[in-house]
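Here's the structure, in C-alpha cells; my notes come after.
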Amino acid sequence: MLISIVAPCYNEEDVIERFHEAVQKVAEDLLPLGHDMEFVYVDDGSRDRTLLVLEKLADLDARVRYVSFSRNFGKEAALLAGLRHAAGDCVVVMDSDLQHPPELIKRMLELRAEGYDQVIARRTRTGDRFTRTLTARLYYRLVNRLVDVELKDGVGDFRLLSRRVVDAVVDLTEYNRFSKGLFAWVGFPSTTFDYENAVREAGRSSWSMRSLLNYGLDGLISFNNRPLRAALHLGFALLLCAAAYTAWIVGAAIINGVSTPGYVTIITALTGLAGVQMIMLGVIGEYTGRIYYEVKGRPHFLVKATNVKRAKDLIP
Ligand code: UDP
Ligand code: MG
C-alpha cells in the first residue's frame, strides 16, 4: 500500500528537515509491513528558505514531492494542492511543525485496517491556556447548533483519509474551503482517537486571535444557510417584542392619559435595532461575498515551482 503524507509548510525552514526525518523514520518502520510512503510538501508562499530546504530534501530523497505557491494562499489551498497531488491509497494530512506526532501514523494505519475511511486524531487541550480552552468549548457548542455536520473540539486536519475520501474532498471545488467541515461533510466510516498535544518545536504559529475569530466565523457561515434562518427568527422575535411594547404604551396612554417622556426608550430602541440590522446585513453580506468569490471562479492557488511533472494538472 502506498501512503502519502501531505504537509503544508508556511515559513517552516527551522522544522521541516526535522519533520522529514521523523516521517522517514516512520516510513522505515512501515516498510517491512509492505507499506511505501511518499511525501507531498506544499510550500504556501513562505517568505523564508522553506522552498530551498524542500528542494534539497527532494534531491536527497526521491519520494519527496513539493509544490510551491506563488504567494501565501492559506493552509486550505495548500491542503487542496497536497491532496490533488497525493497518489497514495491512503493519505495522512498533518502539519509540518511537528505538532502532529508522526508516530501516530502507525496507530492510524491499524484503525484503517479495521475498515475506517477516516481516522481522526483529536488533540487534548492539556497545556492550552484556560481562556483558549473555554472559548473553544463555547464555540463548538454554538457551531454545532448552527451547522448541520458535526464538528468536534480538538479535531483538526491531522487525519488519515482513504482514497475514496480524498477523491470526494478534491471533487468539492468550492472556493471558500473550511476543511474541517468538508471532511465532516464527506462522511464515510470515521473514527477518532485522542493524543496529547505537543508544543510547536520551532517557528511561530501563524494564528493570531483575529485570524482565529475569522476562521470561526468562516466555519459558521460557510456551511449552510442556518445563520440566515437565525437572523429571520431574531427579526420575528424583535417584531413581537415591538408589538407587545406598542400595545403596552397605547394601553397605558388610554388608561393614564398621554405622557410625553420617552427619550431614553427611543434612543435605546433606535441604536439597538440599528445594531441588529447591521448584524443581519453583515450575515447577508458574508453570503453574498462568498457567492462573489465562487462566481469569479479563480484558481485556489498558483504554482511557482515544483518537482511534480504534471504540475499543470494541479490547476483545474
Ligand atoms: N500553514 C500554511 N499556510 C498558512 C498558515 C499555516 O500552510 O498560511 C501551515 C503551517 O506550515 C503548519 C500548519 O499549516 O504546517 C498549521 O499552522 P500553524 O502551526 O501556524 O497553526 P496551529 O498549529 O497554531 O493551529
Ligand atoms: Mg502548529
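Just so you know, ligand 1 is whichever comes first in the structure, and atom 1 is the first atom listed for that ligand.
- For ligand 1, the atoms lying closer than 4.0 Å to a non-hydrogen atom of D97 are 19 (O), 23 (O).
- Counting only residues at least two apart or in different chains, salt bridge (Lys or Arg N to Asp or Glu O under 4.0 Å) contacts with residues 108-122 comprise R107-E110, D117-R164, R122-D194.
- Residue P8 places at least one N or O, backbone or side chain, under 3.5 Å from an N or O of ligand 1.
- A distance-only check finds a donor-acceptor pair linking the side chain of D44 to the backbone of F73 [under 3.5 Å].
- Between Y195 and F158, the ring planes lie perpendicular to each other; the angle is over 60°, past the 30° to 60° tilted range.
- If you look at D95 next to ligand 1, the close heavy atoms, those under 4.0 Å, come from the backbone and the side chain alike.
- Using bins of under 30°, 30° to 60° and over 60° for the plane-to-plane angle, the ring pair F39/H20 lands in the perpendicular bin.
- Both the backbone and the side chain of K75 come within 4.0 Å of ligand 1, counting heavy atoms alone.
- Centroid-to-centroid, the aromatic rings of F301 and F69 come within less than 6.0 Å.
- Less than 4.0 angstrom separates some heavy atom of E12 from each of these atoms of ligand 1: 10 (C), 11 (O), 12 (C), 15 (O).
- Contacts with ligand 1 closer than 4.0 Å are made by side-chain heavy atoms of N72 only, the backbone lying farther away.
- Backbone or side-chain N, O or S atoms of D97 reach the Mg ion (ligand 2) at under 2.8 Å.
- Between K180 and D157, no side-chain nitrogen of the basic residue sits less than 4.0 Å from a carboxylate oxygen of the acidic one, so the salt-bridge criterion is not met.
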